[in-house]
> 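Quick one: the structure is below, questions incoming.
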There are 2 protein chains.
Amino acid sequence: MAGIKDVAAAAGVSTATVSRALTPGGRVSATTRERVETAATRLGYVASSLGAGLATGRTRNIGVIVPLIDRWFYSQVVGGIAVTLQDLGYDLTLYNTALKAGQDERIFHDYLYRRQVDAVISVSMQLKEQDASFLRSVGRPAVGIGFSLEGLSTVGVDDYAMAHQATTHLTGLGHRDIAHVSGGRVVAENYSLIGQRQRGFADALAETGTGVNASWVVESDFTIADARAKISALLGSGRRPTAVFCDSDEMAIGGMLAASQLGLRVQEDVSFIGIDGHELGEAMGLTTISQAPGEQGRIAAQTLLRSLSPESTADDLRAGHQLVESSLVVRSSTRRL
Amino acid sequence: MAGIKDVAAAAGVSTATVSRALTPGGRVSATTRERVETAATRLGYVASSLGAGLATGRTRNIGVIVPLIDRWFYSQVVGGIAVTLQDLGYDLTLYNTALKAGQDERIFHDYLYRRQVDAVISVSMQLKEQDASFLRSVGRPAVGIGFSLEGLSTVGVDDYAMAHQATTHLTGLGHRDIAHVSGGRVVAENYSLIGQRQRGFADALAETGTGVNASWVVESDFTIADARAKISALLGSGRRPTAVFCDSDEMAIGGMLAASQLGLRVQEDVSFIGIDGHELGEAMGLTTISQAPGEQGRIAAQTLLRSLSPESTADDLRAGHQLVESSLVVRSSTRRL
DNA sequence: CTGAAAGCGCTTACAG
DNA sequence: CTGAAAGCGCTTACAG
């Protein structure tokens with residue numbers, strides 16, 4: 001593999017000149033630049049990011065922290081981040097926090113402190129106040145997705161509003177006996193979304209003068225299989241809710257499958273509404289609150305890159321929470337009572 | 001952020017000793033090691049991977065190349081790779097090839113040559129002979145998933161056999177009018193799996209003395225939505241197949257939805273079989289050939305790590321193809337004609 | 001067992 | 001515009 005010395009020798013210049021010729025803003029004569037570029041191309045030279053990183057303190061590598069890459073929501077978010085990063089020539093280093101329970105702190109310590117990333121995007125994992133201030137102090141910007149924190153740039157949807165809107169859609173159709181399948185069973189002290197959605201659900205119900213029926217609030221783990229079992233139990237015994245609000249489309253789909261296995265008709269006998277905008281929900285006619293995870297990833301990456309660019313203004317660096325629009329998509333799984 | 005010098009000063013030793021004390025095999029006295037470790041912990045010191053990488057030539061970072069991280073199959077594979085890598089303290093840098101069409105070569109050039117990765121795992125993207133020999137020549141091992149190549153370690157399922165088995169399952173149930181929804185429409189000169197599955201399908205059919213009906217071979221793109229449209233057209237006009245074999249579970253699900261929208265009953269009127277082992281197929285009673293993508297990722301990562309370890313034997317380094325078992329899972333979407 | 005020194009591959013003031 | 005030199009943060013022979 002050709003190094004900078006090889007290129008310098010081939011072009012008959014110093015390594016300093018090679019470096020300048022190959023850097024966008026570098027001051028070199030046009031002829032020298034051309035000579036260097038020719039040599040570099042011929043030798044297939046690309047600057048080692050280790051050498052460059054050590055010299056400049058920048059690696060052009062962004063750390064992305066997600067609970068689990070093989071879950072739909074996170075894979076969509078990372079997809080959105082990846083598009084944006086790759087467009088600008090940044091690398092993406094992926095960390096899964098759920099793989100080692102309780103190791104969140106170590107991830108910061110072992111990975112971030114190793115200085116191989118210029119910045120980090122934390123998805124769903126709520127950064128601590130101290131992490132955020134540490135990042136600020138070492139000039140490593142960070143952006144959070146799915147939560148908000150004083151002093152940190154974050155992007156996310158309004159979980160309270162989404163749950164409220166979903167529930168109101170159901171109450172607007174005349175439903176009062178509504179169950180809520182919450183994502184609460186997931187390992188998640190940090191997932192504030194769980195609580196916000198529960199409040200949104202309860203408040204929307206209260207607005208119609210109805211209270212939450214505790215036995216109709218069940219906790220599941222965002223997967224089809226588990227939700228299906230839970231909802232099957234819910235619909236199969238005693239008094240039945242007329243509608244079910246699920247914290248994810250996958251869980252709602254589990255519910256639809258459970259209902260039809262019990263001989264109930266989705267829509268006629270029981271309405272379902274989810275949250276996500278999963279392509280499968282579209283295929284199955286599921287009413288949902290779509291929250292565009294890929295878009296959240298894109299926005300977060302753009303925000304981060306902006307704060308990383310040398311021309312970033314104070315405005316770009318001001319921490320704040322960017323709200324991503326979610327929208328109610330009415331399909332055939334919900335109907336007037 | 002504390003550097004090695006800070007630790008050296010705090011422990012009253014040289015940086016060389018700090019380095020040795022913190023390296024597993026380093027020769028230092030027990031008391032010195034303890035003193036250094038205490039200082040390092042107190043200062044929150046972690047060796048910079050840039051410095052260490054430059055000095056050792058190893059970064060403990062593996063490049064993982066996938067077409068698109070937000071597709072189910074790839075997110076599962078990457079999940080399997082991530083578990084294994086993280087367990088051993090390796091980082092994972094993710095590259096999406098589909099984001100820049102025709103840039104496959106650049107990925108090698110710009111990323112791999114930058115030497116920030118010790119090795120690479122290429123998923124579905126068939127490495128060229130020259131890439132493989134380049135990697136060998138620079139001592140960077142590579143493992144491929146989903147294809148095989150002379151001189152390269154690869155892991156994958158037997159696509160021909162899977163298609164053959166799926167089709168034989170259908171013919172064994174008496175079906176002869178069988179459609180094949182192929183993944184062929186995807187950008188994929190490299191995806192040899194498409195051709196192999198088409199051959200497996202044709203051969204299994206031929207064994208019953210039946211020929212392929214060309215108008216029943218349709219190309220889709222592995223998504224639910226597209227397959228649904230294609231299969232809807234297929235089932236809605238003219239003579240209908242009695243069974244449909246799909247290259248992915250998601251496409252088969254699209255087919256099941258298309259069928260029921262047309263008023264056809266899955267199983268009674270038309271059987272469906274897919275390939276993958278997607279959790280959704282399980283929920284919907286889809287018969288499938290399960291291929292454990294997470295497992296493929298795990299095996300690939302283990303193979304790579306083995307060849308990276310200093311104690312690796314010649315045996316570990318021998319390139320070869322590891323076949324991952326796939327298995328027929330019969331559920332309710334297929335039935336005897 | 002430990003330290004001084006060289007070197008990994010770059011970039012960037014500093015001179016000229 | 002260009003080069004020599006220092007330095008980024010480590011590791012590892014080489015001596016002792």
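Naming convention: chains lettered A, B, ... in sequence-line order (proteins, then strands); numbering from 1 in each chain. Note that these values count all heavy atoms, side chains included, but never hydrogens, waters or copies made by symmetry.
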> In whole angstroms, how far is the P atom of D/dC8 from the CG atom of B/Asp6?
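So the CG-P distance, B/Asp6 to D/dC8, works out to 12 Å.
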> Please name all residues satisfying side-chain hydrogen bond (donor to acceptor under 3.5 Å, both in side chains) with B/Gln322, sequence neighbours left out, ordered by chain then number.
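B/Gln322 satisfies side-chain hydrogen bond (donor to acceptor under 3.5 Å, both in side chains) with B/Thr303 once adjacent residues are dropped.
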> Quick one about B/Asp91 and A/Thr93 (side-chain donor to acceptor, distance below 3.5 Å, no hydrogens or angles considered), yes or no?
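No, no side-chain donor-acceptor pair sits under 3.5 Å.
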> Figure out the CZ/P separation between B/Arg58 and C/dG7, and round it to whole Å.
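The answer, rounded to whole Å, is 21 Å.
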> What residues, two or more places apart in sequence or in another chain, satisfy side-chain hydrogen bond (donor to acceptor under 3.5 Å, both in side chains) together with A/Gln302?
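Per chain and number, A/Gln302 pairs via side-chain hydrogen bond (donor to acceptor under 3.5 Å, both in side chains) with no residue.
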> Once salt bridge (Lys or Arg N to Asp or Glu O under 4.0 Å) is applied, do any residues pair with A/Arg60, and if so which ones, sequence neighbours excluded?
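Checked A/Arg60 against salt bridge (Lys or Arg N to Asp or Glu O under 4.0 Å); zero matches.
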> So does A/Ser29 get a side-chain nitrogen or oxygen closer than 4.0 Å to the phosphate oxygens (OP1/OP2) of D/dC1?
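Looking at the OP1 and OP2 atoms of D/dC1, neither is under 4.0 Å from any side-chain N or O of A/Ser29.
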> Nucleotide by nucleotide, 5' to 3', does protein get under 4.0 Å of the base (B), only the sugar-phosphate (S), or neither (-) in nucleotides 11-16 of chain D, counting heavy atoms?
BBB---
> Could I get the full list of side-chain hydrogen bond (donor to acceptor under 3.5 Å, both in side chains) partners for B/Gln296, not counting sequence neighbours?
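Partners of B/Gln296 under the side-chain hydrogen bond (donor to acceptor under 3.5 Å, both in side chains) test: B/Gln291.
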> Going by salt bridge (Lys or Arg N to Asp or Glu O under 4.0 Å), name the residues that satisfy it together with B/Arg33, two or more places apart in sequence or in a different chain.
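Checked B/Arg33 against salt bridge (Lys or Arg N to Asp or Glu O under 4.0 Å); zero matches.
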> Grab the CG-P distance between A/Leu22 and D/dC1 for me, whole Å please.
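Result: 16 Å.
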> Among residues at least two apart in sequence or on other chains, which ones pass side-chain contact (heavy atoms from CB on, under 4.5 Å) with B/Ser29?
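side-chain contact (heavy atoms from CB on, under 4.5 Å) list for B/Ser29, sorted by chain: B/Thr31, B/Thr32.
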> Can you tell me the distance, in whole Å, between the CD atom of A/Glu34 and the P atom of D/dC1?
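To the nearest whole Å, that distance equals 16 Å.
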> Apply side-chain hydrogen bond (donor to acceptor under 3.5 Å, both in side chains) to B/Thr17 and list each qualifying residue two or more places apart in sequence or on a separate chain.
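Once residues adjacent in sequence are excluded, the partners of B/Thr17 under the side-chain hydrogen bond (donor to acceptor under 3.5 Å, both in side chains) criterion are B/Ser14.
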> Whole angstroms only, please: what is the CG-C1' distance between B/Leu54 and C/dA6?
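Spelled out: CG on B/Leu54 to C1' on C/dA6 is 13 Å.
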> Could you summarise the pairing of DNA chain C as dot-bracket text, marking Watson-Crick and G-U pairs under 3.5 Å with ( ) or [ ] inside the strand and | across strands?
|||.||||||||.|||
> Send over the distance from A/Arg33 CZ to D/dT2 C1', rounded to a whole Å.
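Taking CZ of A/Arg33 and C1' of D/dT2, I get 13 Å after rounding.
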> Just the rounded figure in Å: distance from C1' of D/dG9 to CD of B/Gln116.
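One finds 18 Å between C1' of D/dG9 and CD of B/Gln116, rounded.
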> Hey, does the side chain of B/Ser48 come within less than 4.0 Å of D/dG9's phosphate (OP1/OP2), counting only N and O?
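For D/dG9, neither OP1 nor OP2 has a side-chain N or O of B/Ser48 closer than 4.0 Å.
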> Ignoring hydrogens, what is the shortest heavy-atom contact between B/Leu50 and A/Gly53? Give both atom names and the distance.
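For B/Leu50 and A/Gly53, the tightest heavy-atom pair comes out as CD1-C, 3.7 Å.
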